[in-house]
Each structure stands twice: as C-alpha cells, then as structure tokens.
Amino acid sequence: MTVFTVTKEGEVTLTQDVLKRLGMRPGDQVAVVERADGTLELSALKTTGKDVVKDKKTGGLEAFFGSLKNKHNVHLTIEEINEEIAKAWAGENDHR
C-alpha cells in the first residue's frame with residue numbers, strides 16, 4: 001500500500017513509482033471513479049499526443065487490452081453488473 005499526504009491546498013503528489021505503475025507521462029490526466037462498494041478507483045487517462053501513440057505495442061493480446069474505449073471510465077465486476085440488472089428488473093434503478 002502506498003500512502004500520500006494531502007497538503008493544506010488539498011493537493012497530493014504521486015511518487016515516481018506510482019506514476020510508472022500507472023504508465024503515466026507528463027500531460028496525462030488522472031481519473032477518480034467511485035465504485036459501487038464506495039471505494040475510489042484511481043486510473044490514468046492517456047493523452048492522444050504523438051509521443052503516446054507511437055509508443056503503443058502492436059499485435060498480440062497485449063495490444064488488445066485498452067483498445068476498447070471506456071468513455072465514462074466505469075469498471076464493474078460481474079457481480080456488480082448482475083446486481084444492477086436485478087435492481088433494474090425490480091424497478092429499483094433510476095438509470096435512464
């Protein structure tokens with residue numbers, strides 16, 4: 001587990017090892033998404049600059065991962081998906 005300190009301005013500095021694990025470069029953005037269980041998920045939003053595009057691997061299974069766009073950065077487990085489906089059928093979900 002990595003722990004960060006929040007400054008009085010409300011800022012957090014990510015260390016180089018965390019940035020490396022996220023595959024982040026200067027200019028990339030960080031997204032924070034609240035999951036259904038209340039936890040927060042941190043992920044990197046890549047820029048579309050030429051420096052990032054030319055570094056992508058081509059071919060193979062590794063190139064496929066990340067190729068499908070997730071515009072709203074939603075990540076759910078199969079259990080969470082099934083739970084949302086059950087709520088929708090029961091009329092408990094107000095997603096339209």
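The figures here come from the full heavy-atom set of this structure, side chains too, leaving out hydrogens, waters and symmetry mates.
- Counting heavy atoms from C-beta outward, Glu79 and Glu83 have side chains that stay 4.5 Å or more apart.
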For residues 9-22, dump all side-chain donor-acceptor pairs below 3.5 Å to protein atoms at least two apart in sequence or in another chain.
from	atom 1	to	atom 2	distance (Å)
Glu9	OE1	Thr7	OG1	3.2
Thr15	OG1	Asp17	OD1	2.4

Which is it for Val30 and Met24 under the side-chain contact (heavy atoms from CB on, under 4.5 Å) test, yes or no, and what are the steps along the way? CA-CA 9 Å; Val30 176; Met24 297 190 71; 3.4 Å; yes

N/O donor to acceptor pairs below 3.5 angstrom from side-chain atoms of residues 31-45, sequence neighbours left out:
from	atom 1	to	atom 2	distance (Å)
Arg35	NH1	Glu41	OE1	3.2
Arg35	NH1	His75	O	3.0
Arg35	NH2	Glu80	OE1	3.3
Asp37	OD1	Thr39	N	3.0
Asp37	OD1	Thr39	OG1	2.7
Glu41	OE2	His75	NE2	3.4
Ser43	OG	Asn73	ND2	2.9

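- Residues Leu76 and Ile78 are members of separate hydrophobic clusters, defined by side-chain heavy-atom contacts under 4.5 angstrom among Ile, Leu, Val, Met, Phe, Trp and Tyr.
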